[in-house]
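Presented below is the structure to which this report refers.
Letters go in sequence order (proteins before strands), and every chain restarts at 1.
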Amino acid sequence: VTSETRIRDLWADRAVQGLTIDEADELGALLEQNNELDTDEFDISAAAIALALTEPDMQPLPEALHVKLERDAVAYFTPYASGASATSIGASRPSPTANRTSPAALAGWLLAAASLLFILLSRPENTVPLDTVARRGRLLVEPQVVRIDWSATEDPVAAGVSGDVVWSDELQEGYMRFENLTVNDPGVNQYQLWIFDADRPAEHPVDGGVFDVTSRETIVPIAAKIPVSQATLFAVTLERPGGVVVSGREHILVTAAVE
Amino acid sequence: MVDEEFAANDESLRHVDIRDEAELAQQALDRLRPEQKSVLVLSVHDGLSHQQIADHLSLPLGTVKSHIRRGLERVTEMLRASPGLGQVEEVAS
């Protein structure tokens, strides 16, 4: 395997499943040896593919598409297969008639719905970093992930705000999506997320990170300062620049309770 | 203080017209060889690892990897070749 091929293999691996620390180190060393610049073209392509496969105008029957793709794959790979069957592949996906309340079906539906919502809300001037969109999309199909719509409070700043929060206790990863949350001046105030943990007193929620809003629709990665055992409630407050250690809770804007 | 990771991401924001990228990616997918398309969909959309795909399809791991790489190369080429699309726009911080 040439170093050029190996670099491209690592770029492809990074785009679809990420790299281990050793692989990332290897990629860095190979790029340096070959005097080549890093690129995220594959990452962008993979994210575009993920969105394309949940685009409703093009995929009105995504489950049917999957069945067809899996059937095609089995047919193509039959010469290679030693016992593989449509059943073994299909086991990882719900069938067209599968119970939609199953975790796999629900996760797939949530991804499609989230992507549809994102596409519908997209405007030419209203874009979100694609890597964040892709990471959120990938998290949505993980098991044990919750997605909860925000509920706006009566605070004037929260008027018309919607969106959702996606979170995994297991992975300690999550994303907040907001629509119509007021663009803030970081020199005047900033938004701060609080995560209420079942294992901690309600007076001491976990600091989920300080953030700014710069566009009509925003996706913000959650940056919990300490591990969260079992998230029960997410709340966003408006605080002074830099955030606070303990919120006075004068401006609670939106909340999302885990059921 | 603004979260450092968030600030770092904010400084390197690269925006794309996501909808157009998705539409073009769909067209590109349709032009791929069936095996490349199938493996890419199982990987990107279903989130299966290379090893899981190899196990499901009874394929050598290296074959799965090469299908994914070549599929991504083809999609990237087609995204890059489309005027006005596939372009990544640097946004001034």
Looking at chain A, which one of Thr76(B), Leu40(B), Val75(B) has the largest number of heavy-atom pairs inside 4.5 Å, strictly under?
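Heavy-atom pair counts peak at Thr76(B).
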Taking [atom1] in [X] as the centre, count heavy atoms belonging to other residues, nucleotides or ligands within less than 6.0 Å. Is the count above 12?
| X | atom1 | result |
| --- | --- | --- |
| Arg240(A) | CZ | no |
| Arg74(B) | CZ | no |
| Glu36(A) | CD | yes |
| Arg14(A) | CZ | yes |
| Gln144(A) | CD | no |

[X], part contacting chain A, at a heavy-atom distance under 4.5 Å:
| X | result |
| --- | --- |
| Gln52(B) | neither |
| Ile53(B) | neither |
| Leu29(B) | side chain |

So does His50(B) get a backbone contact from the side chain of Gln17(A), meaning a donor-acceptor N/O pair under 3.5 Å?
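Yes; judged by distance alone, with no hydrogens or angles, the pair exists.
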Do you know the tightest heavy-atom contact between Glu73(B) and Phe42(A)?
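Nearest heavy atoms, Glu73(B) then Phe42(A): CG-CZ, 3.4 Å.
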Which atom of Leu72(B) lies closest to which atom of Ser45(A), heavy atoms considered
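Looks like CD2-CB, 4.2 Å.
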Would you call Asp9(A) and Lys65(B) a salt bridge, using N to O less than 4.0 angstrom?
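No.
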